[in-house]
Amino acid sequence: MNLESDLKAVGPRIRMMMPHLTPLEARVVETVFSLRTFDDETSLKEIASEAGVSEAMVVKIAKKLGFAGYREFRNAVAQYNRLPTAEMHQELSLEDTSQEIIQKVFRTSIQALEETLSIMDIEAFDRAADLIYGARQRDFYGVGGSAQIARDVSHKFLRIGVRSSVYDDSHMMLMSAALLGTDDVAIGFSHSGNTVAVIEAIQLARRNGARTIAITNYNSSPLAQHADVVLCSTAQGSPLMGENAAARIAQLNILDAVFVAVAQRDYKAAERGLAKTMAAVASKRKDKFL
């Protein structure tokens, strides 16, 4: 990974650690990221005063986030803040024009894509593609917006003859998971990684010998801890839009790439499947107009 990619990953990696921080610790980190004047010269005393905590607390938080101390944390965040992608994220306000709204919404999505790319685990990606390609049965679990992502990727797979099932009801998820075995794969979709219904289904599937994959925004979330493979998106929060909107776009791109990788593993079979499904759809359309 080059220096720019390492810097792009600073924000995402800190955000992934936020669920492990106490409310007070999280507030200190949010204070750092909200300071427009934060740079390589910002003193430890200044941050402690701004956040209303002790200097020792700031140092403790920096170490909890994986840095050697405050100085390393400060330098990494300051360099990250100077990146063009970090500058893209701007909060929406009541005074925004239509042009500004469009710019800010699009830039938030671009940032999520750029930063998700910077933290992508290629080994996990390849393993996920292998598991999905080689599985006898592929069951997808998700609730709400996550279920919509599951349906989108399931539809793509069906176009090339790779069958999968999508479940968005907690009881149906458990029934599905109970029937999975060693030749199957279960994929749990949850932005927060805390969706109980999805976690329970993934746990049961894993106990029955199925391989499990997590699609989430937090690589140390409860869902991720119960998965054999974790594919992480990353998106910066917004009071109005939340994290989910931009995270969904990043997750859809991750899964589009997985779809292509699965098709690549037997391209001739994918072509045959695509030809059959497209022929069936074309035939239906033709019948409709006869």
Side-chain angles (χ1 to χ4, degrees), residues 1 3-93 104 108 111-112 114-116 118-119 121 190-196 199 214 216-226 230 232-247 250:
M1 187 178 289
L3 178 59
E4 184 178 358
S5 294
D6 284 338
L7 290 177
K8 282 180 182 177
V10 169
R13 294 195 187 286
I14 289 174
R15 286 197 295 274
M16 284 182 189
M17 289 295 295
M18 293 295 274
H20 297 283
L21 303 182
T22 65
L24 177 60
E25 291 169 341
R27 194 187 78 201
V28 174
V29 176
E30 287 162 2
T31 298
V32 169
F33 277 95
S34 66
L35 282 177
R36 297 294 181 187
T37 57
F38 188 85
D39 58 23
D40 300 298
E41 303 300 322
T42 304
S43 69
L44 175 60
K45 182 178 180 180
E46 182 180 346
I47 292 300
S49 175
E50 188 73 28
V53 297
S54 67
E55 293 181 23
M57 170 67 80
V58 177
V59 174
K60 175 190 171 186
I61 294 168
K63 290 181 177 180
K64 193 169 181 178
L65 291 172
F67 297 93
Y70 172 71
R71 182 173 297 179
E72 184 177 279
F73 169 72
R74 178 188 64 189
N75 293 344
V77 172
Q79 291 181 71
Y80 167 76
N81 285 341
R82 287 195 290 268
L83 291 173
T85 49
E87 293 172 1
M88 284 181 181
H89 184 84
Q90 292 177 292
E91 293 294 351
L92 295 163
S93 71
K104 288 180 179 181
T108 297
Q111 181 191 26
E114 289 275 4
E115 294 190 345
T116 296
S118 75
I119 63 165
D121 184 334
S190 172
H191 169 74
S192 66
N194 293 319
T195 309
V196 174
I199 294 169
T216 181
N217 206 59
Y218 299 99
N219 63 356
S220 54
S221 63
L223 175 62
Q225 291 171 11
H226 294 293
V230 180
C232 255
S233 60
T234 180
Q236 190 167 340
S238 166
L240 181 60
M241 294 180 64
E243 292 178 336
N244 296 34

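Keep in mind the model is a prediction, meaning the values are calculated, not measured.
What you find for Arg27 and Ala51 is that their closest heavy atoms are NH2-O, 2.5 Å. Across Ala78 and Asp40, no two heavy atoms sit closer than the pair CB-OD1, 3.5 Å. Of all heavy-atom pairs between Arg15 and Tyr80, the closest is NH1-OH, 3.6 Å. In this structure, Met16 and Ser220 approach most closely via the heavy-atom pair O-OG, 3.9 Å. When all heavy atoms are compared, the tightest approach of Asn194 to Pro222 is OD1-CD, 3.0 Å. The two residues Ala224 and Ala214 have their closest heavy-atom pair at CA-CB, 4.1 Å.
Atom CG of Asp121 is separated from atom CG of Asn219 by 9.5 Å, given to the nearest 0.5 angstrom. Note: Ile47 CD1 to Leu35 CG = 5.0 Å, rounded to the nearest 0.5 Å. Rounding to the nearest 0.5 angstrom, the gap separating the CZ atom in Arg13 from the SG atom in Cys232 is 9.5 Å. Within the model, atoms CZ of Phe67 and CZ of Arg74 stand 13.0 Å from one another, a figure rounded to the nearest 0.5 Å.
Side-chain contact between Val28 and Leu21 is absent, with no heavy atoms from C-beta onward closer than 4.5 Å. Two residues are said to be in side-chain contact when any heavy atoms from C-beta on lie closer than 4.5 Å; Phe33 and Asn81 meet this criterion. Considering only heavy atoms from C-beta on, Phe73 comes within 4.5 Å of Ile14 through its side chain.
Among residue pairs with one or both ends in residues 42-69, those qualifying as side chain to side chain donor-acceptor pair (under 3.5 Å) are Glu25-Lys64, Asp39-Thr42; sequence neighbours excluded.
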Audit row: Val29, Met18, side-chain contact (heavy atoms from CB on, under 4.5 Å) steps and yes/no: CA-CA 9 Å; Val29 176; Met18 293 295 274; 3.8 Å; yes

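Screening Thr195, Val230, Thr216 for a side-chain contact (heavy atoms from CB on, under 4.5 Å) involving Ser221 leaves a single residue, Thr216.
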